[in-house]
Structure formats: structure tokens, C-alpha cells
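Encoded as C-alpha cells, the structure appears first; notes follow it.
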Amino acid sequence: MRRTRRARRRRSPYRRSSTPTTPRGSATGSPPARLNASWPTGAPSLATTIPCWPCPRTAPRHAVANYRAASHAFDLDAALVARLNATAQAHGATLFMVLLAGFQALLHRYTGQPDVRVGVPVANRHRPETTGLIGFFVNTQVLRATLSGRTPFAQLLAQTREAALGAQAHQDLPFEQLVDALQPQRSLSHNPLFQVMFNLLREDTAVLRGLPGLAVDEYRMDDSAAQCELALDIRERADGQVRAVFTAAAELFDEETIARMAVHYRALLDALTADPARAIGDAPWLAAEEQGQLHAWGTGTSSALAATPAHRLFEAHVRRAPDAAALIAGDTELSYAALDRRANRIAHRLLRHGVRPDTRVAVAVDAPIDRVASLLAVLKAGGSYLPMDPSHPPQRLSQLLADSGAALLLTGSHSSVNGTVARITVDDASLDDEPNEAPQVALHDHHLAYVIHTSGTTGRPKGVAVAHGALSMHLQAMADACGFTADDRSLQFALPHVDAAIEQCLLPLTTGAALVLQPQWCSLASELDALLQRHRVSVVDLPPAYARQLLQDQPPFQHAVRLALFGGEAWTGEDLALVRRVLHSARVVNAYGPTEAVITPTLWSADAEAIVKGYAPIGRPVGRRTAHVLDADLQPVPQGVPGELYLGGDGLARGYLGRAALTAERFVADPFDPSGGRLYRTGDLVRWRADGQLEYLERLDHQVKVRGFRIELGEVEARLREQPGVREALVCLHEGAAGPSLVAYVAPAAGASLDATTLKTQMAQALPDYMVPSALMVLDSFPLGANGKVDRRALPVPAVAGTPGYEAPHGDVAQTLAAIWAELLKVAQVGLHDNFFDLGGNSLLVIRMHRLVEDRLQPGLAVVDLFKYPTVGALARHIEQKGHGPAAATDDAAQAKQRAQQQRAALLQRRRPTERTL
């Protein structure tokens, strides 16, 4: 007997065919009408977007679906089969319906999708006219289920029963007509309407074997090519045995994944038939061994960590080695004892101004050494450190001061940052009169150590409050994970208002190492190499985007570092190879973490021999932390299955300052902690890899990262809607040739007229430069999809903002500059009067521009010159005049520097400068 393992179509679903002749008595009417009659329950309407199944594959789909088949067979034991049949009988269903409903539940648990569509082959010989005909009449039906984790299995089974019966009544509706009626988005990478199939075959050869002279044997057809991405074929034999086979595209699923899928399917059938009233999301499906493995992967090291605040850890090294170098900034070097005295004096001044535990103290200090001393001083006084970037717009700084309830503001004597709160200058000579001894302020683990503001969806930034206990645990765990010792010298890179700056400052100072400060970011690789050599730096913590721009195409450095850390955004195997080649790093660390989970809750570490394909993983928990990959019902998902990352343990923030409702929404009860702990919902979609490392996939909301900065698109949209004349606003992340950037679309109110340039200027007065959209387009209205929502795919591509009236560059210098800009910004042409930043340039691209200009023209420019002269013509004239020398002396040096800094500050409203003063 020749038997097909699943029904196959003669025609490709990609190819439309002529409508076959309809047998007499069959259902008639237009395809849409017959479609609606075919699926009386749960039918996809003609206006519904039909999603592609997001299978938990181990490799990306091919551009053209052409896969080898890989299969895994397994048996359903007699007890389970008996319970399946009993469940079917009790609910007026068939074994087919129960098995299909279980399969739909499995697909939902694997993907979290509420819309599950499965292709089912039917013999299509239900009419007398086809009885005596020889030929292939098999049709494919699409059975759809809409479900959630709260759907009881009995309800899903009833829905599956109705869908199957309704579809069977119209099984002669050709699949091609169904596709034509629904008009799904077509792609050669996958089948339309469904990518998963299910089939139940009843196998009984008794009649054939009873015929005289006939030998019956089974012939297995060639399954070398996969007919779809995943198929489940189940055979019910005459003796009651049931055998199932999962067949999957070998290029998309490895053997272990298919085998686990079979185990999970069996477990779900067992749990759901034992209690059909149970919600699908509550059914246990992980074996004890698998649960134990996930628990081991998700539990950080719990080595003995001292319950000592960070500033006390620093003071221990002051007593142990008072003369050891603590801070190095250019030619200035401060010992541990000198830094401690400086911080103690500021701390006593804070105490005299009423600082007590949990008092917020804002710090907006430009001088690197004073900023580090201020951080230690606030902690020593028991206050909560609130860092602010002095270059941010005054409106933004005022908003942060008001939101935090800061009682004091620490600044430099020449700072332009003002506020309604009392101000203390850290370089005031009268501080020398304060005591040199450390104040003894009693603190416990739950007192606030610092507050960091992150972008908020409502238009208002969120203040993340972190306690001393969580900070101390994190610093000690990171020191252990990264192997920090007193012999290390660590280079500080992070900007002052982000939590990474706190880690970069305190990690070396709490381990007896030296912190190397740089007055400005290096824009040339040779400058960075010289800096590393000069100060014998052993640890660097670089933003990935900065490292790419600076190190690309550079020869290996003369100086080798022990450890290179990266964080803030994803980085690839190519990035890893680049860093190893240029920095000679013996070890690399990929640091991941939202501010709410205290800087770096997970990390991936590798030696010089590790090979990374694609993106580097984000690792495993650090210190007394836990990591859970959960579905929407807070149930663990298996290895390889995507889920939201939840972080717990001792490394969580107290919550959002003054935002109890938001804190309760994002910090939830930990169902796995019997002592009543909390979990933080990161909003990041991840999965466990086979080696026990977490792999980041994407965001689950509208939060994005631009140049390593976390941005809630809702905050930018809220600011736009506040502007006069704006009716609607939408902000998207645009992946352009020059890298990711924000693009805004606005629609005017009735009778209003909007100007994109004016709107960008207004936004720059309220938001940091990295949150200001690089392009802003005014539309009469937003395009809508069939569901009435904005169709983001139909939004116009942002246009490059060139200067009206193109004028070609003239002269060798101008033409060379225009060529460099066109190369960096990926634009066809650059005019003489085009502005680098208006064309899409940003601070990271300034780094490469500086290097390329120096390589090709050797003008000896400072980075500030690139901000001072942002057009091709202006920069070309400056280079030519600088070479001949006459114009360089028109102002004295102080006036020239002041003018450049003023122009640079204006540009900061639009772009983050690469040479940021720290």
C-alpha cells in the first residue's frame, strides 16, 4: 500500500489557478460569501491582517522557502489515548478535534500569538460524483483559533469543533480561491495563510490483507523536502496505538528543538485532558529536569558579599592604601587619601545644609574630578545622588529638579545651571574649612543611593530610585565577575547623567584601582592609543557605536588592555573581532541592563578565542539576581522559545520616584520566590540559548535606543503634541544608511500651519539632543490601515534636509570635504552650503569625519571646529585660512574659543558632540 505522510497539493499556493469546475450540488456563490459560510466561528475577515507565524526557529527564514525535512517520531501511551478519547466523547468532539486543539494550544504557548492558523488536508471525496473517479482531489483548509492563556481548554475544544465542522461542510472551496479572497501579503519566504499543518490518519489494512494473493506493506514516500515549516502527522492504528511525527524544516529547527516540541505536546495533552477546565496558560508542560536547568541558568552567583555601602568600601581602601592613585585626569593625579578629604569636605557642607538620608542632591558639575568627589560626598552625607548633564536644555533640567524634589544643587562656580533650590559650588574656597574626616551617617540597605531619570511614555521622565544595598551588591558582584584588582586602571567614558557613569566611577574606587578621567572623548584612534599608553589603562568600557566609528580600519594599538566592556546597545561578532584586533583585549564583556535593574544585571564574558555569529548574547545574571524568561501568564518558557525577560533578586531599584502606579505596573510579585520578592518587567523579548546564555531579540513596546540612549517614543510624541497647531504626532525609529535615528511625523490642527524647522527648534529647547528627531515631516493626515490604526508602513520615507538651491563645491578642499560627507551620510551629493547635522550627521559620525579629514587634508583641526563650521563652505574656508594663517589671528585665542563653544552649545540642542566634556 502506498500512503502519503501528509496530503500534498498539486499546485503551489504561490501560483493562482483557474477556478475548477464545481460539482453539481456543491456550495455556490462568490469566494467571499463562500468563505464566510465556510468558517462560521473565528473566521478571518477580509479586512484582517493575516500575520506570519513567528515560529521559535533557530535560524532565520530563507528568502525563498526551500527546506530539507527533519522529523521526530513519538508515541502517545495507551492511558493518554484513552483520556483523549474520553475527553472527545464528553465534549461531543472527535479524536481529531482534541489532538488539533492540543496542537493549537502548543503553538500558542510557543509563540504567544492569539491568532493560530493551521492547515489541514481533506480528502474532498464527500460527494457521490467523485466516488468512481481516479485522481487527486485533496484540498487544504485553514482552521483558525483565537485564544489566550486564560482560555480554558474546553472552550478551545468547542471552538475547534465548530470550526472543523463548518469547514468540512464547505471542503470543496479551493484553497486558491481562499487566498484570492483574503489577499494576504505574499512572500516567497513562506506559505500564505498558514505555515503549520496538522493531519490525523486512520490506518486499517485489515480489509486489504484479507484479499487473496495480495501482500500489503508500507512504503514511505521521500520526505527529503519539507512541505511547510512545521507539520504534525498522527496515525491512529486499528489496534488503538497512536503514533505522531513532527516534520520540520531542517534549516529552521534543529533536532533538539523538534524533540522538545514533542515532549511539550505530550505534556500539554496530558495536563489539559486531565482537567479540560484548566486555562491553557496554566497547564504544566516543562519536565522537572527542564525546570531545574532553567532555574540554574537564571540564578546568579551568591558568593558572600559584604552588606557595606559603596562609599564605605571606598573608605576601606583609603585606610589600606592612602597614597595609591585614585583619580588620574591629564597631568593631575589624586591619591585615595586626597580624594577622600575632598569628598568629606563637600559631605560636611551638605550636612550643614540639612541633607539627611534619602534627601535628593542634584549634581551638575563639569569638572571631572569635582564630579567624582561630589558623587562620593552625596553618598557619605546619606543623600541621594541625582546626576544631571549641564549641556541639556534649561527647561529639561528644571523639569528633572522639580520631578525629583531635589533639596540642593551642586555645581561649579562658573556653571550656568540654575534652579529654584539652594546651590552649593564644589570649587568654593571656603570648603577648605570643612572637616577632613568622613562623616558617620547611619544608613541601611534600603536608603536611596541615587536617582537616574529615564525617558517616560507620558512625556514626563521617570526617576528610577536605587538603594544602597542593591548598588553595593552590584559593585561587588561586578568586581568579582570582571576580575578587578588594585592593579587595574579603568578609563571612564559614560556621560554623567546615565547610570553607567556611576558604575564606571565606583567600580575601580571600591576595589582599590585607579580611575582615569578624560576631559574630552578622543576623536582619533591615535589619540585614544596614546591616552591608554600614557596612563597604562587596563580596562576600557566603550559604547559600541563609538568603538565602531573610532576603531574601524585602524591598525592595532601599541597598548593592550586586559578587559574591554561594552554596553548600552547590541554588538556583533564583527565588533568583537574589531576590538580584539585593535585593542588586543584578553577578555571582553557584553553588559546588559535597564536602569531599573541596577546598571548591569546580566553579562556575557568571553576570552580572546570565543567566536560570535550574529549578535553577542547578553549572558547570565550577575550577583544575587535572578532572570526568568516568561510568557504573558508569567509561566517559564522552554529553551529557544521567546519570552519577556523578568529580573529579580537583590539587584532591583526601589521603584519610580513618586510614581506608585507605574512602579506597581513594572515591578510585580515574584511567583518563584517564597519569601515575597519582586520581578522587574524589562519589556525585552529574549530566549535562552542551548549554552545557558540569554539572547536579546527585540523590544515588546515602543522603547528604542539611539546611540546607546534609552528613549520612549511616547515622550517625544507627547512633547510634539504640546506644540501649538499640532493635532497628531508619531515618532518612529528609522534605520538609515548612517545608522538609526528618530523621525517624527506631525499633522496640523484645522487652520494651522506647521513649519518643520520651527518645531525642531522648539523640541530642542525641551529635550536632550539625542531625543530630538533628526527629520520631521508635516503631513495633512496619517495613513490608516484596514483596522483604523495608523499604517506605519505607508508613512513616507524621510527626506534628507538639504539646503535649497544646490551649489556645487569648488576647490580641492571643499570637494574633498563634500566627498567625505557624502561617504559618511550615504547621500548622493553634498552642496557647498549644506549643513552636516541637517543632512543626518551626529556626534558619532563627527568622530569618523574628523579622522577622515585629518587623513586626507591634514589640517590639524580640533573637534570643536567641526561644530563651529558645520557647512562645507565654512569649514573649507576655515581650513584654507588656517593654512595661510591670516584669519587665525583676527581674534585673540580666548575670544575665538568662547565663540566656538557658544556655537557648539547651540548645536548640542540637535546632536550629541563626540568630544563631550566630562
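In summary, Glu315 and Arg312 engage in a salt bridge, as defined by a charged side-chain N under 4.0 Å from a carboxylate O. At a threshold of 4.0 Å, the pair Arg342-Asp370 counts as salt-bridged, since one of the basic side-chain nitrogens sits closer than that to a carboxylate oxygen. Under the 4.0 Å criterion applied to side-chain N and carboxylate O atoms, Lys380 and Asp340 are assigned as salt-bridge partners. Ion pairing of Arg625 with Asp650 is absent here, as no side-chain N (NZ or NE/NH1/NH2) approaches a carboxylate O to less than 4.0 Å. Taking a cutoff of 4.0 Å between a charged side-chain nitrogen and a carboxylate oxygen, Glu574 and Arg580 do not qualify as a salt bridge.
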Using the rule given for salt bridge (charged side-chain N to carboxylate O under 4.0 Å, His left out), can you reason through Arg687 versus Glu695, listing the C-alpha separation, both sets of side-chain angles and the distance that settles it, and then say yes or no? CA-CA 5 Å; Arg687 63 183 173 191; Glu695 178 184 2; 3.1 Å; yes

Using the side chain to side chain contact (heavy atoms under 4.5 Å, CB included) rule, take Val451 and Val466 through it: C-alpha gap first, then chi angles, then the decisive distance, then the call. CA-CA 6 Å; Val451 174; Val466 175; over 6 Å; no

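Between Gly483 and Asp488, the shortest heavy-atom contact is O-OD2, 3.8 Å.
A donor-acceptor distance shorter than 3.5 angstrom exists from the side chain of Arg581 to the backbone of Gln554, with no hydrogens or angles considered. Panel note: side chain Arg620, backbone Trp604; no donor-acceptor pair is recorded below 3.5 Å.
For Tyr615 and Trp571, the gap between ring centers reaches or exceeds 6.0 Å. Side-chain rings of His453 and His497 stay apart, their centers remaining 6.0 Å or farther from each other. When ring centroids are compared, His584 and His559 stay outside the 6.0 Å threshold.
Relative ring orientation between His468 and His311 is described as perpendicular, the plane-to-plane angle rising above 60° on a 0-90° scale split at 30° and 60°. By the 30° and 60° cut-offs, the orientation of the rings of Tyr696 relative to Tyr592 is tilted.
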